[in-house]
2 protein chains.
Amino acid sequence: MTTAASAASGRDLPHPAREEIRLESVLHALSDPMRLQVVRELAAESDELSCSHFDLPVTKSTTTHHFRVLRESGVIRQIYRGTAKMNALRSDDLDDLFPGLLDSVLGAAARQAARLGSG
Amino acid sequence: MTTAASAASGRDLPHPAREEIRLESVLHALSDPMRLQVVRELAAESDELSCSHFDLPVTKSTTTHHFRVLRESGVIRQIYRGTAKMNALRSDDLDDLFPGLLDSVLGAAARQAARLGSG
DNA sequence: GACGTACTACGATGTCTATCGTACAAGGCG
DNA sequence: CGCCTTGTACGATAGACATCGTAGTACGTC
(Lines give C-alpha, C1' and ligand atoms only; values in the text may rest on other atoms or scores of the structure.)
Protein backbone atom coordinates (compact mmCIF):
# COMPACT_ATOMS: atom_id res chain seq x y z
CA MET A 1 0.00 0.00 0.00
CA THR A 2 2.60 2.51 -1.05
CA THR A 3 -0.12 4.55 -2.75
CA ALA A 4 -1.00 6.37 0.48
CA ALA A 5 -0.62 10.13 0.60
CA SER A 6 3.11 10.67 0.31
CA ALA A 7 3.39 14.43 0.06
CA ALA A 8 6.90 15.25 1.15
CA SER A 9 8.28 12.06 2.54
CA GLY A 10 5.31 9.79 3.03
CA ARG A 11 4.77 9.84 6.78
CA ASP A 12 3.39 12.74 8.69
CA LEU A 13 3.23 13.12 12.42
CA PRO A 14 0.38 14.61 14.47
CA HIS A 15 1.29 17.83 16.26
CA PRO A 16 -0.94 19.89 18.52
CA ALA A 17 -1.81 23.31 17.14
CA ARG A 18 -0.33 26.23 19.01
CA GLU A 19 -3.63 26.95 20.73
CA GLU A 20 -3.97 23.36 21.85
CA ILE A 21 -0.72 23.31 23.84
CA ARG A 22 -1.47 22.95 27.54
CA LEU A 23 0.84 24.22 30.23
CA GLU A 24 0.33 21.15 32.40
CA SER A 25 1.34 18.86 29.54
CA VAL A 26 4.44 20.92 28.83
CA LEU A 27 5.49 20.85 32.47
CA HIS A 28 4.86 17.13 32.63
CA ALA A 29 6.93 16.56 29.51
CA LEU A 30 9.79 18.57 30.98
CA SER A 31 9.63 16.85 34.37
CA ASP A 32 11.32 13.70 33.09
CA PRO A 33 15.15 13.79 33.31
CA MET A 34 15.54 12.04 29.99
CA ARG A 35 13.27 14.45 28.16
CA LEU A 36 14.68 17.51 29.89
CA GLN A 37 18.12 16.45 28.69
CA VAL A 38 16.84 16.15 25.14
CA VAL A 39 15.30 19.62 25.31
CA ARG A 40 18.51 21.08 26.67
CA GLU A 41 20.52 19.62 23.80
CA LEU A 42 18.01 20.85 21.26
CA ALA A 43 18.17 24.34 22.74
CA ALA A 44 21.95 24.28 22.74
CA GLU A 45 22.22 23.28 19.11
CA SER A 46 19.52 25.61 17.86
CA ASP A 47 19.19 23.33 14.88
CA GLU A 48 17.36 20.20 13.89
CA LEU A 49 18.75 17.02 15.39
CA SER A 50 17.94 13.46 14.43
CA CYS A 51 16.69 11.01 17.03
CA SER A 52 19.81 8.91 16.58
CA HIS A 53 21.98 11.87 17.54
CA PHE A 54 20.95 11.45 21.17
CA ASP A 55 22.74 8.78 23.13
CA LEU A 56 20.26 8.15 25.90
CA PRO A 57 20.85 5.30 28.35
CA VAL A 58 17.65 3.56 27.27
CA THR A 59 16.61 1.41 24.34
CA LYS A 60 15.42 2.87 21.07
CA SER A 61 11.84 1.93 21.89
CA THR A 62 11.95 4.05 25.01
CA THR A 63 13.63 6.88 23.12
CA THR A 64 10.81 6.83 20.60
CA HIS A 65 8.33 7.02 23.48
CA HIS A 66 10.00 10.08 24.99
CA PHE A 67 10.14 11.91 21.69
CA ARG A 68 6.48 11.24 21.19
CA VAL A 69 5.63 12.66 24.60
CA LEU A 70 7.61 15.79 23.74
CA ARG A 71 5.90 16.12 20.38
CA GLU A 72 2.35 15.48 21.62
CA SER A 73 2.78 18.00 24.42
CA GLY A 74 3.87 20.63 21.90
CA VAL A 75 7.45 21.01 23.08
CA ILE A 76 9.15 19.79 19.91
CA ARG A 77 8.31 19.52 16.23
CA GLN A 78 9.25 16.39 14.32
CA ILE A 79 9.55 15.87 10.59
CA TYR A 80 10.80 13.00 8.53
CA ARG A 81 13.83 13.63 6.37
CA GLY A 82 14.56 10.45 4.50
CA THR A 83 15.02 7.66 7.02
CA ALA A 84 15.91 10.11 9.74
CA LYS A 85 13.41 11.93 11.93
CA MET A 86 14.51 15.45 12.75
CA ASN A 87 13.59 17.21 15.96
CA ALA A 88 13.38 20.90 16.74
CA LEU A 89 12.14 22.93 19.68
CA ARG A 90 8.89 24.83 19.14
CA SER A 91 10.45 27.88 20.73
CA ASP A 92 8.33 30.34 18.79
CA ASP A 93 5.03 28.75 19.77
CA LEU A 94 6.05 28.28 23.39
CA ASP A 95 7.39 31.83 23.68
CA ASP A 96 4.18 33.16 22.25
CA LEU A 97 1.97 31.15 24.57
CA PHE A 98 4.11 31.26 27.70
CA PRO A 99 6.65 34.10 27.44
CA GLY A 100 9.86 33.36 29.26
CA LEU A 101 8.84 29.92 30.41
CA LEU A 102 11.17 27.91 28.21
CA ASP A 103 14.11 30.18 28.98
CA SER A 104 13.45 29.92 32.71
CA VAL A 105 13.32 26.16 32.60
CA LEU A 106 16.46 25.95 30.48
CA GLY A 107 18.24 28.39 32.78
CA ALA A 108 17.11 26.44 35.82
CA ALA A 109 18.30 23.19 34.29
CA ALA A 110 21.68 24.71 33.46
CA ARG A 111 22.02 26.09 36.98
CA GLN A 112 21.13 22.80 38.55
CA ALA A 113 23.52 20.88 36.28
CA ALA A 114 26.32 23.28 37.18
CA ARG A 115 25.50 23.04 40.87
CA LEU A 116 25.31 19.26 40.93
CA GLY A 117 28.26 18.85 38.59
CA SER A 118 30.71 21.12 40.42
CA GLY A 119 29.68 20.60 44.00
CA MET B 1 13.09 13.72 75.40
CA THR B 2 9.62 14.62 74.33
CA THR B 3 10.42 18.25 74.99
CA ALA B 4 12.80 18.38 72.04
CA ALA B 5 10.67 18.81 68.96
CA SER B 6 7.60 20.42 70.47
CA ALA B 7 8.61 23.98 69.92
CA ALA B 8 5.47 25.52 68.52
CA SER B 9 2.75 22.89 68.23
CA GLY B 10 4.25 19.44 68.61
CA ARG B 11 4.17 18.07 65.10
CA ASP B 12 6.81 18.95 62.58
CA LEU B 13 6.83 18.15 58.90
CA PRO B 14 9.81 17.07 56.78
CA HIS B 15 10.88 19.63 54.20
CA PRO B 16 13.72 19.32 51.70
CA ALA B 17 16.57 21.74 52.29
CA ARG B 18 17.00 24.41 49.67
CA GLU B 19 19.93 22.60 48.10
CA GLU B 20 17.96 19.39 47.89
CA ILE B 21 15.20 20.80 45.74
CA ARG B 22 15.26 19.21 42.29
CA LEU B 23 13.99 20.94 39.19
CA GLU B 24 12.37 17.78 37.85
CA SER B 25 10.43 17.30 41.07
CA VAL B 26 9.25 20.91 41.04
CA LEU B 27 8.09 20.63 37.42
CA HIS B 28 6.35 17.37 38.18
CA ALA B 29 4.60 18.87 41.20
CA LEU B 30 3.40 21.79 39.08
CA SER B 31 2.23 19.58 36.21
CA ASP B 32 -0.90 18.49 38.06
CA PRO B 33 -3.91 20.78 37.51
CA MET B 34 -5.02 20.48 41.12
CA ARG B 35 -1.62 21.37 42.51
CA LEU B 36 -1.05 24.16 39.99
CA GLN B 37 -4.33 25.70 41.12
CA VAL B 38 -3.21 25.55 44.74
CA VAL B 39 0.09 27.22 43.89
CA ARG B 40 -1.71 29.95 41.95
CA GLU B 41 -3.96 30.73 44.91
CA LEU B 42 -1.02 30.77 47.28
CA ALA B 43 0.82 33.18 45.02
CA ALA B 44 -2.22 35.40 44.70
CA GLU B 45 -2.77 35.67 48.45
CA SER B 46 0.92 36.11 49.30
CA ASP B 47 0.04 34.89 52.77
CA GLU B 48 -0.30 31.63 54.61
CA LEU B 49 -3.43 29.68 53.81
CA SER B 50 -4.84 26.70 55.65
CA CYS B 51 -5.51 23.47 53.80
CA SER B 52 -9.21 23.82 54.48
CA HIS B 53 -9.25 27.15 52.66
CA PHE B 54 -8.98 25.34 49.35
CA ASP B 55 -12.16 23.88 47.96
CA LEU B 56 -10.78 21.26 45.64
CA PRO B 57 -13.14 18.83 43.89
CA VAL B 58 -11.55 15.85 45.63
CA THR B 59 -11.76 14.28 49.05
CA LYS B 60 -9.70 15.43 51.99
CA SER B 61 -7.45 12.40 51.68
CA THR B 62 -6.53 13.37 48.15
CA THR B 63 -6.02 16.98 49.17
CA THR B 64 -3.59 15.86 51.87
CA HIS B 65 -1.75 13.84 49.25
CA HIS B 66 -1.38 16.81 46.89
CA PHE B 67 -0.13 19.10 49.64
CA ARG B 68 2.43 16.50 50.59
CA VAL B 69 3.69 16.28 47.01
CA LEU B 70 4.05 20.06 46.93
CA ARG B 71 5.88 20.09 50.25
CA GLU B 72 8.21 17.19 49.48
CA SER B 73 9.16 18.70 46.14
CA GLY B 74 10.07 21.96 47.86
CA VAL B 75 7.36 24.13 46.34
CA ILE B 76 5.53 24.97 49.58
CA ARG B 77 6.33 25.11 53.28
CA GLN B 78 3.83 23.76 55.77
CA ILE B 79 3.57 24.44 59.49
CA TYR B 80 0.99 23.49 62.06
CA ARG B 81 -0.89 26.30 63.74
CA GLY B 82 -3.28 24.75 66.22
CA THR B 83 -5.53 22.33 64.40
CA ALA B 84 -4.92 24.06 61.10
CA LYS B 85 -1.99 23.43 58.79
CA MET B 86 -0.80 26.58 57.10
CA ASN B 87 0.75 26.59 53.63
CA ALA B 88 3.07 29.11 52.03
CA LEU B 89 5.04 29.20 48.80
CA ARG B 90 8.80 28.85 49.14
CA SER B 91 9.28 31.74 46.74
CA ASP B 92 12.60 32.81 48.22
CA ASP B 93 14.18 29.38 47.92
CA LEU B 94 12.80 28.78 44.45
CA ASP B 95 13.84 32.23 43.21
CA ASP B 96 17.32 31.65 44.54
CA LEU B 97 17.68 28.23 42.95
CA PHE B 98 15.79 28.88 39.72
CA PRO B 99 15.51 32.63 39.10
CA GLY B 100 12.37 33.58 37.25
CA LEU B 101 11.02 30.06 37.03
CA LEU B 102 8.14 30.44 39.45
CA ASP B 103 7.10 33.76 37.94
CA SER B 104 7.17 32.29 34.43
CA VAL B 105 5.02 29.35 35.43
CA LEU B 106 2.56 31.57 37.29
CA GLY B 107 2.42 33.95 34.36
CA ALA B 108 1.92 31.08 31.96
CA ALA B 109 -0.87 29.67 34.11
CA ALA B 110 -2.58 33.06 34.28
CA ARG B 111 -2.30 33.49 30.52
CA GLN B 112 -3.71 30.06 29.85
CA ALA B 113 -6.56 30.58 32.30
CA ALA B 114 -7.43 33.87 30.64
CA ARG B 115 -7.22 32.33 27.20
CA LEU B 116 -9.35 29.32 28.03
CA GLY B 117 -11.74 31.30 30.19
CA SER B 118 -12.49 34.11 27.74
CA GLY B 119 -12.26 32.21 24.47
C1' DG C 1 15.11 -6.64 -5.90
C1' DA C 2 18.15 -7.25 -1.79
C1' DC C 3 20.19 -5.26 2.12
C1' DG C 4 21.14 -2.04 5.87
C1' DT C 5 19.74 1.93 8.59
C1' DA C 6 16.42 4.51 11.22
C1' DC C 7 12.57 4.45 13.56
C1' DT C 8 7.74 2.39 14.90
C1' DA C 9 4.10 -0.60 16.72
C1' DC C 10 2.65 -3.84 19.87
C1' DG C 11 2.55 -6.51 23.94
C1' DA C 12 4.31 -7.23 28.60
C1' DT C 13 5.73 -5.66 33.04
C1' DG C 14 6.75 -3.37 37.20
C1' DT C 15 6.32 1.02 39.33
C1' DC C 16 4.21 5.27 40.31
C1' DT C 17 0.17 8.04 41.15
C1' DA C 18 -4.46 10.06 41.80
C1' DT C 19 -8.34 8.77 43.88
C1' DC C 20 -11.39 7.02 47.41
C1' DG C 21 -13.23 5.35 52.13
C1' DT C 22 -12.75 4.50 56.78
C1' DA C 23 -10.62 4.79 60.97
C1' DC C 24 -7.68 7.56 63.82
C1' DA C 25 -4.87 11.56 66.18
C1' DA C 26 -4.22 16.45 67.73
C1' DG C 27 -5.93 20.51 69.31
C1' DG C 28 -9.57 23.99 70.65
C1' DC C 29 -14.07 24.82 73.11
C1' DG C 30 -18.16 24.24 75.80
C1' DC D 1 -14.18 15.62 80.21
C1' DG D 2 -16.93 15.04 75.85
C1' DC D 3 -17.24 16.87 71.24
C1' DC D 4 -16.22 19.01 67.00
C1' DT D 5 -12.99 20.61 63.55
C1' DT D 6 -8.91 19.67 60.98
C1' DG D 7 -5.99 16.91 59.00
C1' DT D 8 -3.36 11.98 58.86
C1' DA D 9 -2.61 7.06 58.06
C1' DC D 10 -3.59 2.95 55.87
C1' DG D 11 -5.50 -0.07 52.53
C1' DA D 12 -7.49 -0.59 48.09
C1' DT D 13 -7.93 0.36 43.21
C1' DA D 14 -7.75 1.84 38.69
C1' DG D 15 -5.15 4.25 35.42
C1' DA D 16 -0.83 6.22 33.74
C1' DC D 17 3.94 5.66 32.64
C1' DA D 18 8.86 4.28 31.84
C1' DT D 19 11.00 0.47 30.37
C1' DC D 20 12.02 -3.57 27.61
C1' DG D 21 12.08 -7.04 23.56
C1' DT D 22 10.64 -8.47 19.24
C1' DA D 23 8.76 -7.90 14.96
C1' DG D 24 7.80 -4.80 11.29
C1' DT D 25 7.70 -0.49 8.09
C1' DA D 26 9.86 3.27 5.39
C1' DC D 27 13.66 4.89 2.90
C1' DG D 28 18.18 5.09 0.59
C1' DT D 29 21.80 2.42 -1.78
C1' DC D 30 23.85 -1.13 -4.26
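Keep in mind that the numbers below use all heavy atoms, side chains included, and drop hydrogens, waters and symmetry copies. We name chains A, B, ... by the order of the sequence lines, and we start the count at 1 in each one.
Asp92(A) has no carboxylate O lying under 4.0 Å from a charged side-chain N of Arg18(A), or vice versa, which leaves the two without a salt bridge.
Comparing atom distances between the Thr83(B) side chain and each of dA18(D), dC20(D), dT6(D) picks out dT6(D) as nearest. When distances run from any side-chain atom of Met34(A) to the nucleotides dT6(D), dT17(C), dT19(D), the shortest one goes to dT19(D). The side chain of Lys60(A) lies closest to dC7(C), out of dT19(D), dC7(C), dT19(C). When the nucleotides dT19(D), dC17(D), dG21(C) are ranked by their closest atom to the side chain of His28(A), dC17(D) comes out on top.
Side-chain atoms of Ser61(B) come within donor-acceptor range of the base of dA9(D), with a qualifying N/O pair under 3.5 Å.
Side-chain atoms of His15(B) and Glu20(B), non-hydrogen and from C-beta on, never get closer than 4.5 Å to each other.
Arg68(A) has no side-chain polar atom (N or O) that falls below the 4.0 Å cut-off from OP1 or OP2 of dC7(C). A sub-4.0 Å separation between OP1 or OP2 of dC20(C) and a side-chain N or O of Thr62(B) is present. Put simply, Thr64(A) has no side-chain N or O that comes within less than 4.0 Å of OP1 or OP2 on dC7(C).
One can place CG of Asp32(A) at 14 Å from P of dC16(C), the figure rounded to the nearest angstrom. Following rounding to the nearest Å, Leu56(A) (CG) and dA6(C) (P) show an atom-to-atom distance of 15 Å. What separates NE2 of His66(B) from P of dT17(C) is a distance of 12 Å, to the nearest Å. Between Met86(B) atom CE and dG7(D) atom P there is a gap of 9 Å when expressed in whole angstrom units. Per the geometry, CG belonging to Leu70(B) stands 13 Å off C1' belonging to dA18(C), to the nearest Å. Between the CZ atom of Arg81(B) and the C1' atom of dT6(D) there is a distance of 15 Å, rounded to whole Å. dT17(C) atom P lies 15 Å from atom CG of Leu30(B), rounded to whole Å. The NE2 atom of His65(A) sits 20 Å away from the P atom of dT22(D) (whole-angstrom rounding).
Side-chain atoms of Arg90(B) do not come within 3.5 Å of backbone N or O of Asp95(B) as any donor-acceptor pair.
A donor-acceptor pair shorter than 3.5 Å can be found between the side chains of Thr59(A) and Thr62(A). Under 3.5 Å, the side chains of Ser104(B) and Ser104(A) contain a donor-acceptor pair of N or O atoms.
Contact annotation for His53(B): no contact, since no heavy-atom pair falls under 4.0 Å across all strands. Residue Ser52(A) is in sugar-phosphate contact alone, with no base atom involved, counting any heavy-atom pair closer than 4.0 Å across all strands shown.
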